[in-house]
Amino acid sequence: MLMEGKKGVVFGVANKWSIAWAISKALHREGAQIILAYLGDEEKIKELADEINAKIYPCDVSKDEDITKLFEFVGKEFGKIDFIVHSIAFAPKEALQGRYIDTSREAFRIALDISAYSLVKIVKEAENYLNDNSAIVTMTYLGSVRAVPNYNVMGVAKAALESSVRYIAYDLGQRGIRCNAISAGPIKTLAARGISGFMSMYEEYPKRAALRRNVTAEEVGETALFLLSHMSSGITGEVIYVDAGYEMMGM
Ligand code: IMJ
């Protein structure tokens with residue numbers, strides 16, 4: 001029971017294919033108590049939450065007030081918390097195809113706001129609720145450091161997010177609070193399925209990855225559990241690749 005007595009908030013569960021859901025299940029299995037901060041269909045989230053005895057609270061991360069209210073709820077329910085999972089990204093669909101240089105000012109703003117700034121604001125609002133030695137994990141993707149066709153402005157947002165992880169790690173390091181990112185290989189989530197070229201990339205992946213296969217959301221869940229537990233007490237400000245050995249290959 002790695003997370004016995006630990007409490008925290010998970011952002012980004014939308015459905016049972018969500019990476020945040022796989023992380024939540026791993027945390028629950030190890031004894032964690034969880035609040036799911038969700039956007040959208042309350043009924044659907046409630047059904048999932050019941051499976052892991054989690055509480056739910058609505059939160060649109062593009063609204064400062066929503067984040068403030070969420071942490072007031074967290075304070076009332078839990079008092080202090082020990083972990084935060086940020087598994088949220090959004091860019092307008094038209095920005096995730098064609099040429100990057102066609103990205104509009106508005107699409108750029110939205111992608112960076114929802115996918116990168118949200119972590120900054122969440123951490124700021126959480127600061128007074130976080131116990132010393134607590135941990136934060138966010139999700140990123142290789143498109144932050146390589147030009148992946150169609151990933152476009154999301155790659156730029158993930159680069160900002162990864163940099164943010166390092167500055168957050170520095171800011172909160174004096175309290176022993178750690179912040180890390182997981183860079184996952186392609187996973188068939190709802191956010192990925194609709195993307196042009198995703199499926200062909202997913203099918204090509206096993207040919208190039210050292211492990212000759214794709215990664216699963218469950219594998220990401222186990223790594224998040226590691227990064228949120230005392231097992232990783234010496235690791236902060238890092239981007240950990242959970243990608244079946246794709247990023248490190250030279251051909
Ligand atoms: C997304 C776009 C292009 C290529 C992509 C992806 N590849 C992978 C993804 C190769 C693996 C999935 N991914 C890593 C993401 O971060 C997806 C983010 C995303 C997805 C959508 C779809 C629906 C929409 N906006 C989105 N915003 C962000 O309208």
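In each ligand, atom 1 is the first atom listed, and ligand 1 is the first ligand listed.
Annotation: Tyr57 is not in aromatic contact with Tyr38 [ring centroid separation under 6.0 Å not met].
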For ligand 1, list all ligand N or O to protein N or O distances below 3.5 Å, rounded to 0.1 Å.
residue, atom, partner, partner atom, Å
ligand 1, 16 (O), Tyr151, OH, 2.7
ligand 1, 25 (N), Ala91, O, 2.7
ligand 1, 27 (N), Ala91, N, 2.9
ligand 1, 27 (N), Ala91, O, 3.4

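Under the 4.0 Å criterion applied to side-chain N and carboxylate O atoms, Arg29 and Glu222 are assigned as salt-bridge partners. A salt bridge links Arg109 to Glu106: one of the charged nitrogens lies within less than 4.0 Å of a carboxylate oxygen.
Here the closest heavy-atom approach between residue Ala91 and residue Ala111 is recorded as CB-CB, 3.8 Å.
Ring geometry for His86 against Phe11 counts as tilted: the plane angle lies between 30° and 60°, on a 0 to 90° scale.
A donor-acceptor pair is defined here as one N or O able to donate and one able to accept, closer than 3.5 Å; no such pair exists between the side chain of Thr103 and the backbone of Ala95.
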